[in-house]
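In what follows, a structure is listed as structure tokens, so that the remarks can point back to it.
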Amino acid sequence: MSVPDWLSKGWNHIWLPYTQMQTAPMPLPVACTAGSRIILADGQELIDGVASWWTACHGYNHPHITAAVAAQLREMPHVMFGGLAHAPAYRLAARLANLTPEGLDRVFFTDSGSVAVEVAMKIAIQAWLNRGERRSKFMAFRDGYHGDTMATMAVCDPEEGMHALFSGVLMEHVIAPLPRNAETRSEFERLMDANASDLAGIIVEPLVQGAGGMVFHDPEVLRLLRSYADHYGLTLIFDEIFTGFGRTAAMFAHQLAGVRPDILTLSKALTGGTSPLAATIVSNEIFKLFLSEDSSKAFMHGPTFMANPLGCAAANASLDLFESEDRLGQANKIGAQMKSELGVCRKISDVVDVRVMGAIGVVQLKRIDDVGALQKEFIRRGVWVRPLRNVIYLTPALTIQSDELSELTHAIGDVLSGS
Ligand SMILES: *Cc1c(COP(=O)(O)O)cnc(C)c1O
């Protein structure tokens, strides 16, 4: 492929995500996107199996979203959120509060998932401070992933995660196994009982731990966490940055489990993959702890681009689409198709598990030695699939066509079986 001028000129100045820059090949230059397709500079089209890190739930360039953003852009791309109000943010806050469980009614906007989680942690800690108690620890879980900033790295899986190098540098929390069976449950209970008086809260990705390897767990796990949080008075944070907005075939994963968190974090698909925006949604009980005649009890946080109107317009348009089109039905259909088409991978020797939940399809291998080589094979077959740790997974746009999805599942089967 010929390398565009901007790529060769910028290559010595760019620093890429999660990349050893000394050995990294140049990334593929993209000209544009449409639906479930990424169109490269040389005209080659890739069917996207990842939806750009799980954001583009309606596919790329959905006309309803681009029209809403274009209209907002003409009116007002941005205005500061301190002391000034704008319709897109207030409408979105009311809609999100309406979609999430009864009693989860306060929305704090930020501009990335990691910051939404930091805000959730800071609120949980300050809620204790406002009650006169100093608590800074969280219980978090193995295989968990909550972001790349200093505070969120500390609640990721400390060993398997991407942040092992930083052990000893980060805040120390209590990292437990998720209580999915008798053995892990007793380990969890031991850690919980031993540390409860130091804990501010518990943080977990409900039903699916995403970046940690697309690991699923049963609703009972969340019910158990809820009961422990209630017993010890801890704040239960559900990080739905990955699972939110239909990925599990429910609007939010916690609805499938019937468990309400005290704080919920959302981002990724919030704007339908259009622009960065995140939300931390807080229970009325916790919000009340910040109300006081004493101004020092206020929550002192406010990102410059808080509640950016373009992002809020995109998110409102995305919610319109969830109302007017059957995204959850589409997620279920995608799941059924992946179940039937990925099943053949079970026969391949290095495959240890094939699992599907909602519009998440996972083929787990013993291990993946050469991710780069695998990815090249996928690109050669015209699909964009990015293996993660020891899994090859599909999290396509919920609007993907069934023949496009078949190309993705067949590419995985072909690449793994070497045909
Ligand atoms: C991606 C992700 C984050 C971090 O979001 P960023 O926008 O990348 O900072 C946090 N939690 C979960 C569950 C995620 O999937």
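All ligand and atom numbering here is 1-based and tracks the order in the structure.
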Between Phe242 and Tyr145, does the ring centre distance come in under 6.0 Å? no

Show me the donor-acceptor pairs within less than 3.5 Å that the side chains of residues 360-367 make with the rest of the protein, sequence neighbours left out.
unit_1 : atom_1 : unit_2 : atom_2 : d
Gln364 : OE1    : Arg355 : NH1    : 2.6
Gln364 : OE1    : Arg355 : NH2    : 3.1
Arg367 : NE     : Asp369 : OD1    : 2.8

Distance-only criterion, 3.5 Å: show the donor-acceptor pairs between side-chain atoms of residues 276-288 and protein atoms not counting sequence neighbours.
unit_1 : atom_1 : unit_2 : atom_2 : d
Thr280 : OG1    : Ala116 : O      : 2.9
Ser283 : OG     : Ile286 : N      : 3.2
Asn284 : ND2    : Asp105 : OD2    : 3.0

More than 12 foreign heavy atoms under 6.0 Å from CD of Glu183: is that the case here? no

I'd like the contact residues of ligand 1, where contact means a heavy atom below 4.0 Å. Trp54, Ser112, Gly113, Ser114, Tyr145, His146, Gly147, Glu205, Asp239, Ile241, Phe242, Lys268

Could you list all the salt bridge (Lys or Arg N to Asp or Glu O under 4.0 Å) pairs where at least one residue sits in residues 45-65, not counting sequence neighbours? Arg37-Glu45

Hey, does Phe322 have a side-chain heavy atom less than 4.5 Å from the side chain of His58? yes

